[in-house]
Amino acid sequence: MRRRIAIGGFQHETNTFSPLPTVWQDFQTPGAWPGQTNGAAIFGVFAGANIPIAGFIEAATDCDLVPLLWTAAEPAGYVAQAAFDRIVTEMIDGITKAGPLDAIYLDLHGAMVTEDHEDGEADVLRRIRAVVGPDLPIAVSLDLHGNISRDFFERASCVTIYRTYPHLDMAETGARAWQLLSTLLERGKPFARAWRQLDYLIPLTAQSTMHEPCGSLYAMLPRLESNEVASVDFVIGFPPADIRDVGASVFAYGTEQESVDEATEAMIRALHDAEGDFVDPMTDAREAVREAIRLSAGANKPVVIADPQDNPGAGGVGDSTGLLRALLDEGARGAALSMLWDAQTADAAHAAGEGAEIQVSLGGFHPQTGGAPIETRAVVESISDGIFPFTGPMYGGSTANTGPSACLRLLHDRADIRVIVGSARCQNADQAMFTAFGIVPEAQKILAIKSAVHFLGDYAPIAETVLFAKAPGSNPCSIKEIAYTRLRPGVRLGPMGLTSR
Ligand SMILES: [Zn+2]
């Protein structure tokens with residue numbers, strides 16, 4: 001008998017420190033990912049993409065899938081309650097109309113905060129459970145940047161989570177959600193399951209699975225699985241969220257409660273043992289630029305400087321001028337920065353045309369978090385509609401839509417810097433964020449990149465070295481400097497850090 005499974009997705013990573021609210025329109029507009037996609041269009045739009053729902057669809061071949069809706073918005077501040085209610089209502093309408101179902105699969109993020117709910121995903125499940133009851137299996141896949149509450153754990157039947165950061169295994173995580181769900185359906189009764197939160201927070205810049213200790217910690221997960229333990233996964237947490245349940249937590253599912261508990265404890269123990277191994281790579285922006293100039297002098301590959309605190313992929317605005325100002329002040333030459341969110345300057349460049357010299361006021365629309373605009377003359381080197389294919393290992397297969405965009409060469413007495421400006425916020429996790437505008441990344445001395453970790457997937461292979469600059473932005477990465485007011489008690493602020501009261 002073919003199973004009938006409703007599938008949908010609703011992803012948001014909410015940074016409660018971002019000055020930008022997340023509204024309904026943000027879920028409609030495509031960015032690095034498609035905008036809201038309804039019903040059967042899901043099958044065409046997501047085919048071949050590195051997105052969880054695509055992996056689930058590809059794996060669940062012997063089922064009848066009932067597509068609901070899939071939507072995501074670029075990470076930013078609190079999700080407007082009206083937007084959340086409207087999207088969840090549409091999803092539930094689809095479930096109601098679907099008729100009898102054997103299960104539901106949801107492609108969620110795990111760090112959504114709405115105006116009314118600290119754990120948005122827990123409320124998605126509460127509302128769906130109110131319609132389908134407590135027993136229908138609901139499988140969920142999550143980003144590893146989830147901040148999970150007990151309510152969420154109790155309402156989901158089984159959960160799989162990305163095991164890589166950069167997220168190279170998003171589609172694979174959707175496929176694993178199908179495998180776990182099919183094991184559950186065959187079992188015919190709920191899994192034995194366990195969930196435990198970690199008692200210290202881990203900064204984003206120390207979370208990459210391309211570095212230690214996260215590489216080894218995530219590599220442990222398959223070894224914890226056995227005949228009695230069907231899966232073990234953990235979210236590592238998304239720190240820029242002032243909520244009770246921020247931080248890492250471990251999930252395990254299987255057939256024997258004792259074995260599932262043991263696997264969960266083993267993962268928590270390994271995280272405790274690794275606590276002293278995390279390093280915060282951030283240095284002051286000016287020091288990072290001076291170091292990049294020194295290192296690039298004798299290098300034949302670019303020195304990459306990341307700007308994690310203005311990473312739009314974690315709710316940074318993308319208009320911070322801190323790193324650009326350091327590059328100008330230190331007289332960096334042969335440098336290129338991508339991408340500064342500045343629709344006004346992009347429009348001015350389009351109006352003036354390629355080759356024109358214009359006066360610009362770059363970025364700085366939120367000076368309280370990202371510094372003042374930079375006033376300068378610039379030459380418009382190229383203009384673009386901002387629609388181009390991504391080519392790197394994380395977003396490859398998807399199409400970018402950064403809106404009207406331009407490459408500017410800043411006219412400065414000492415520095416020689418080109419800046420890509422775009423009209424939509426977009427993390428630079430892909431070399432196409434330079435090449436689409438005529439810049440050859442390998443030919444630059446210095447690449448300045450608004451990303452925290454995802455850029456490593458495409459840029460580490462071409463980099464002489466990678467530096468992490470601490471510049472102003474609304475994605476605070478130094479945990480001990482984050483002013484939490486709602487964090488649960490007993491949590492250490494960073495590995496080996498202070499304890500929250
Ligand atoms: Zn993530």
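Ligands are counted one by one from 1 in listed order, and the atoms in each one are counted from 1 as well. Keep in mind that this is a model prediction, so the values were computed, not measured.
Under the side chain to side chain contact (heavy atoms under 4.5 Å, CB included) criterion, Ala122 pairs with Asp119, Ser149, Asp151, Phe152, Arg155, not counting sequence neighbours.
Heavy-atom neighbours of Glu58 CD from other residues, nucleotides or ligands within 6.0 Å: at or below the threshold of 12.
Side-chain atoms of Asp310 do not come within 3.5 Å of backbone N or O of Lys450 as any donor-acceptor pair.
Around the Zn ion (ligand 1), the protein N, O or S atoms closer than 2.8 Å are Asp143 OD1, Asp143 OD2, His145 ND1, His167 NE2, listed by chain and residue number.
Each of Phe46, Phe27, Phe43 was compared with Trp70 under the ring pair (Phe, Tyr, Trp, His ring centres under 6.0 Å) criterion, and only Phe46 meets it.
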Exercise for review: Test His454 against Tyr165 for ring-ring contact (aromatic ring centres under 6.0 Å, His included), laying out the working first.
Suggested key: CA-CA 7 Å; His454 284 319; Tyr165 183 26; 4.8 Å; yes
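The cationic atom of Arg193 (NZ for Lys, CZ for Arg) does not lie both less than 6.0 Å from the six-membered ring centre of Phe251 and within 45° of the ring axis.
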